[in-house]
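All values derive from a computational prediction rather than experimental measurement.
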There are 2 protein chains.
Amino acid sequence: MDESILGHDIAGDVDGIISRPTLHEEIVERIRAMIFDEQLAAGTRVPERDLCQRFGISRTPLREALKVLASDGLITLLPNRGAWVTRMTPEDVDELFPIMGALEALSGELACENTSDADVAEVRALHYQMALHHTRGEQPEYFRINQQIHDKIMELADNPSLFQVYRPLAQRVRRARYLANASINRWDAAMREHEEILDALDARDGKRLAALLRVHLLNKLEAVKRVISTPDEKGDVIS
Amino acid sequence: MDESILGHDIAGDVDGIISRPTLHEEIVERIRAMIFDEQLAAGTRVPERDLCQRFGISRTPLREALKVLASDGLITLLPNRGAWVTRMTPEDVDELFPIMGALEALSGELACENTSDADVAEVRALHYQMALHHTRGEQPEYFRINQQIHDKIMELADNPSLFQVYRPLAQRVRRARYLANASINRWDAAMREHEEILDALDARDGKRLAALLRVHLLNKLEAVKRVISTPDEKGDVIS
DNA sequence: TTCATACATTTTGAATGCATAATGCACTTT
DNA sequence: AAAGTGCATTATGCATTCAAAATGTATGAA
């Protein structure tokens, strides 16, 4: 019919709500992503004018986005002196890891109430893929799958508000967390902990999974602190 | 000398950092307060123009504040259709209470590591004042002191990030929480739980205090849900 | 040279302006 | 009268403008 002339099928969309994201939401996500993959590095200035040009927008929606990101703690606004990507301090890590531990523990507990066998199978597959990267010493791949497992558990918790609270915290510590994995000792230990995590999820043992996830994260705390309190030669503590 | 002529002593401030809060920060706090005490009621529109006039500012900083409050979930932005004070649904309560439970539990655990005898004495004084209001059936006073006790424990945790994460959640459920106290059954039970909470804090038993705070909050969940899912005659579910 | 100062330039915070979308209301039509 | 239609009004999202603050730079003094 008409659709085929237009070259695409619109039948599926006729009664859905039309989503019109506003600029500032879109920009929040883009800047999030840029901080995530370090196009905007911790401790550097957020180049307002450049970003406006790059995104082809005016300063108003960009600045709205900056306020939102600042309230997440992802960037820091210095009055009259611009926006800067927040740098992680050892004190921040001391504060944030216990919080994230509590939230991950909750995610594990809730996940056990909802997890199907297929879900466990999915996590198991990720787990053994991660184990493979571990034995091969492939750190970036290990780290990526590791993230996926924790994200999957968070998803199984089926609590969008929990994810929303957790996400900005996780993003703030993500880079430091990645670097902390460099320590091989900790890497082996983390892998053993993950065995137990999978086991507890399989058994739907919410309390145990919660405790494991919490300890797993707290164990990383010291490693992360060591990394970020060791300035490299550029004086740039975490990049 | 000069200070006394001006009528106040400025000697204490000479080397402190001069704080210059930006407009949008100030406005975020004001609107927070207005939602808190229901000058802006749940489910109603946030009157952008009125607020601009009232605060004597332009739309730009106000709108920046609205984006921040929206990212906290305190208000909801409908594209091209204004800002509305977020209304609490039973689903929200189901999601938020376990999260707040986990965070309060953590606050209790951390508090036990830092609490001095003087701090315990302070909480004890609040506790018995609250008990008095309970026996007298003075609900608003009871509720206020109850808040103060939980706030005090959060403060003793000495983790600003924890407070920052907790605060927006607490504010979202605050009104529903207040109404839930109306149920006398729950009120007596809550009072007994508070006895135990004080006891655990006094003993610096972090694990126990954590468990108590968590259960305390979870116990409120059902009462709160009952309240908000019972629309009143105006069809306004929580006001 | 190093340091301080004055001045031009840039950046920032907030107000204003403008195009588009949503809303309210008079007017029709049945 | 109830429901639909078209138009005027208002509100919204974003761009632009403007004043104040911060920054960079050239000049002069020690």
Residues that [X] engages under side chain to side chain donor-acceptor pair (under 3.5 Å), provided they are two or more places apart:
| X | value |
| --- | --- |
| Arg59(A) | Glu48(A) |
| Glu95(B) | Ser161(A) |
| Arg49(A) | none |
| Glu26(A) | Arg30(A) |

Task: By side-chain contact (heavy atoms from CB on, under 4.5 Å) - contacts of Glu91(B) (at least two apart) - done: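 Thr89(B).
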- [ ] Tell me, please, which residues at least two apart from Pro47(B) pass side-chain contact (heavy atoms from CB on, under 4.5 Å).
- [x]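 Leu40(B), Asp50(B), Leu51(B).
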What's the [atom1]-[atom2] distance between [X] and [N], to the nearest Å?
| X | N | atom1 | atom2 | value |
| --- | --- | --- | --- | --- |
| Glu64(B) | dT12(C) | CD | P | 13 Å |
| Leu51(A) | dA15(D) | CG | C1' | 17 Å |
| Leu62(B) | dT16(C) | CG | C1' | 15 Å |
| Leu78(A) | dT12(C) | CG | P | 10 Å |
| Arg63(B) | dT16(C) | CZ | C1' | 14 Å |
| Glu48(A) | dT23(D) | CD | C1' | 16 Å |
| Leu77(B) | dT12(D) | CG | C1' | 11 Å |
| Ile57(B) | dT16(C) | CD1 | P | 12 Å |

Task: Rounded (10°) bend between the five-pair end axes of the helix from dT1(C)-dA30(D) to dT30(C)-dA1(D) - done: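 Comparing the axis at each end, I get an angle of 10°.
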- [ ] Please name all residues satisfying ring pair (Phe, Tyr, Trp, His ring centres under 6.0 Å) with Phe143(A), sequence neighbours left out, ordered by chain then number.
- [x]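 With sequence neighbours excluded, Phe143(A) shows a ring pair (Phe, Tyr, Trp, His ring centres under 6.0 Å) to Tyr178(A), given in chain and number order.
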TODO: Please list, chain by chain and in numerical order, all residues satisfying ring pair (Phe, Tyr, Trp, His ring centres under 6.0 Å) with Tyr142(B), sequence neighbours excluded.
DONE: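 Ring pair (Phe, Tyr, Trp, His ring centres under 6.0 Å) list for Tyr142(B), sorted by chain: Trp187(B).
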Nucleotide N/O to protein N/O under 3.5 Å, stretch nucleotides 6-11 of chain C:
from	atom 1	to	atom 2	distance (Å)
dT11(C)	OP2	Arg49(A)	NE	3.2

Task: Sequence-distant partners of Asp72(A), salt bridge (Lys or Arg N to Asp or Glu O under 4.0 Å), two or more places apart - done: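 Result, salt bridge (Lys or Arg N to Asp or Glu O under 4.0 Å) vs Asp72(A): Arg32(A).
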Sort me out a list of protein N/O and nucleotides 16-19 of chain D N/O pairs below 3.5 Å, or just none if empty.
from	atom 1	to	atom 2	distance (Å)
dT16(D)	O4	Thr60(A)	OG1	3.2

Open item on the list: When you compare the side chain of Leu110(B) with that of Asp158(B), does any pair of heavy atoms fall below 4.5 Å?
Closed with: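 Side-chain contact under 4.5 Å: no.
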TODO: Determine yes or no for a side-chain-to-main-chain donor-acceptor pair under 3.5 angstrom, with Ser107(B) supplying the side chain and Ile153(B) the backbone.
DONE: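 Checked: no pair found.
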